[in-house]
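So that the names make sense, note that chain A is the first sequence line, chain B the second, and so on, each numbered from 1.
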2 protein chains.
Amino acid sequence: MQASLEIDGGEELTERQKDVLNAALRLLVEEGDRLTMTAVARRASCSKETLYKWFGDRDGLLTATVQWQASKVRVAPIDRARIDLPSLTASLEGFASDWLSVISSETSIALNRVAIARAGSDGHGLGAIVLENGRMALARRLKPVLEAARDKGLLAFDDAETAFRSFFGLVARDVQIRLLLGDGLKLTEAQIGRDAALATRQFLALYGANDNRDEGRRRKPPSS
Amino acid sequence: MQASLEIDGGEELTERQKDVLNAALRLLVEEGDRLTMTAVARRASCSKETLYKWFGDRDGLLTATVQWQASKVRVAPIDRARIDLPSLTASLEGFASDWLSVISSETSIALNRVAIARAGSDGHGLGAIVLENGRMALARRLKPVLEAARDKGLLAFDDAETAFRSFFGLVARDVQIRLLLGDGLKLTEAQIGRDAALATRQFLALYGANDNRDEGRRRKPPSS
DNA sequence: AGTATGCCGTACCGTACGTTACGGTTCGGC
DNA sequence: GCCGAACCGTAACGTACGGTACGGCATACT
């Protein structure tokens with residue numbers, strides 16, 4: 001049945017297997033894509049034979065590791081009953097600072113690096129998984145909030161996808177690409193808070209419906 | 001004298017050497033980080049001995065290739081005498097669509113992929129070069145425009161760097177990370193034009209000084 | 001007790017690739 | 001014509017690493 005992408009991963013794993021994957025994950029953060037099966041076996045105090053029995057090959061180990069990390073950050077969908085401008089603002093700031101914390105974490109950087117490195121040659125398996133549990137998961141969590149806010153008349157937009165992508169851009173800016181390229185950018189907790197607040201204010205300025213500004217939102221391109 | 005980073009590259013190269021680097025570049029786009037010295041030699045119709053004589057080792061070849069590509073995209077600094085809102089808008093749209101074209105090109109994707117892959121383990125040489133000729137070069141070209149517009153009263157901001165990063169985010173959004181991760185995102189010329197226009201409108205909405213809105217720009221965070 | 005299963009540690013194999021070495025060819029200078 | 005330098009093509013070397021095989025040990029089941 002082809003089991004499209006096998007996103008679930010992380011279930012039906014022995015405790016021992018989780019330990020092994022955690023070791024692989026730590027090694028991945030330290031060594032990047034050049035970790036060796038021998039090193040993983042040594043770090044996890046298991047034999048290479050076991051690695052191959054459990055995960056098939058190096059690719060399988062990497063995939064399982066990425067899925068395992070993904071399954072750890074899965075969050076409960078937010079249940080939000082009533083929403084007003086303060087709670088919307090707080091919610092957006094929460095999303096923004098969560099996202100900034102994630103993309104600036106050593107783990108996320110390492111995972112994105114190997115997924116990007118392998119997206120060039122091999123099948124894009126890892127890239128799809130990382131994307132699905134990163135950007136796409138964020139969109140799935142944020143869009144209902146945006147749409148609820150629109151229903152309440154707090155936001156105005158035609159397409160939730162477009163609005164989300166603007167929010168994404170205002171939050172991430174150049175942070176992720178700079179970190180991935182090894183720039184020595186340091187994000188303190190305080191800086192993340194300020195950046196999240198700025199991005200939220202800017203997003204509300206662009207998509208907020210509480211007054212008569214509508215620049216850059218629904219106006220169609222003049223002619224063509 | 002340590003020659004910090006040796007950014008210039010591309011000068012003092014034989015025509016033949018440029019041919020070799022172009023071959024390496026094409027191969028890098030096709031094969032990604034797993035190109036072999038043998039393959040480069042075969043593609044460039046030169047001997048491996050020559051490759052090692054000219055570039056030292058595999059790392060040197062990769063670095064020279066990236067610098068060579070960087071030296072090709074260097075553009076003349078814009079000379080802009082008088083500036084008004086229409087010309088500022090056109091200029092911003094130009095920057096935006098140029099940047100979208102660059103980051104969605106096969107060459108840029110391939111180069112960023114190998115630089116990111118190698119930023120994990122080795123020294124961040126390639127990452128620094130890519131960053132310097134990508135994001136940083138864009139900032140150097142755009143900031144004078146922003147500041148000239150501020151002098152004319154068309155824009156309002158305290159920090160050109162912050163304004164630039166907002167513009168960067170509004171333009172790039174999730175495009176680069178998705179492409180690097182192998183998402184099948186296709187950017188047509190028309191779509192790039194629309195996205196550039198939208199980003200420009202949104203940027204002007206946030207940082208334009210032609211009316212009384214000031215959300216998310218100079219208002220300081222309430223307390224902390 | 002005896003046996004089977006699962007796993008650890010390690011030695012081993014095959015291959016891919018970076019790097020070096022070498023013979024042959026072209027070309028500019030005398 | 002002769003020489004040396006540069007370079008091409010290819011063979012050879014050394015190593016690193018993915019993947020496999022095997023012996024030993026511990027636990028569980030009969």
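What separates CG of B:L35 from P of C:dT19 is a distance of 12 Å, to the nearest Å. Between the CD atom of A:E49 and the P atom of D:dT20 there is a distance of 10 Å, given to the nearest Å. In this structure, A:E31 atom CD and D:dA16 atom C1' are separated by 14 Å, rounded to whole Å. Counting to the nearest Å, the C1' atom of C:dT19 and the CG atom of B:L51 are 11 Å from each other. As rounded to whole Å, 13 Å separates atom C1' of D:dG18 from atom CG of A:L62. In this entry the distance linking CZ of B:F55 with P of C:dT19 reads 14 Å, nearest Å. Separating the CZ atom of A:R42 from the P atom of C:dA11 is a distance of 12 Å, rounded to the nearest angstrom. For A:D33 and D:dC17, the CG to P distance is 12 Å, given to the nearest whole Å.
Comparing C:dT19, D:dG19, C:dC8 by their closest approach to the side chain of B:D57 singles out C:dT19. Residue B:T36 has its side chain nearest to C:dC17 when only C:dC7, C:dT19, C:dC17 are considered. The side chain of A:Y52 lies closest to D:dG19 when the candidates are D:dG19, C:dT19, D:dA21.
For the pair A:R34 and A:G56, nearest-nucleotide mapping onto DNA chain D gives the more 5' position to A:R34. Where B:K53 and B:K48 meet DNA chain D, the nucleotide closest to each residue was compared, and B:K53 sits on the side nearer the 5' end.
The structure places CG of A:L206 at 11.0 Å from CZ of B:R201, a figure rounded to the nearest 0.5 Å.
A donor-acceptor pair under 3.5 Å links the side-chain atoms of A:T63 to the main chain of A:D59, judged by distance alone. When atom types are taken as modelled, the side chain of A:R113 and the backbone of A:D33 share no donor-acceptor pair closer than 3.5 angstrom. At distances below 3.5 Å, at least one donor-acceptor pair connects side-chain atoms of B:Q17 with backbone N or O atoms of B:T14.
For B:S47, no side-chain nitrogen or oxygen approaches OP1 or OP2 of D:dC7 to under 4.0 Å. Close to C:dC8, at under 4.0 Å from its OP1 or OP2, lies a side-chain N or O of A:R16. Considering only side-chain N and O atoms, A:W54 lies nowhere under 4.0 angstrom from the phosphate OP1 or OP2 of C:dG6.
In this model, no donor atom of one side chain and acceptor atom of the other lie less than 3.5 Å apart for B:S105 and B:S108.
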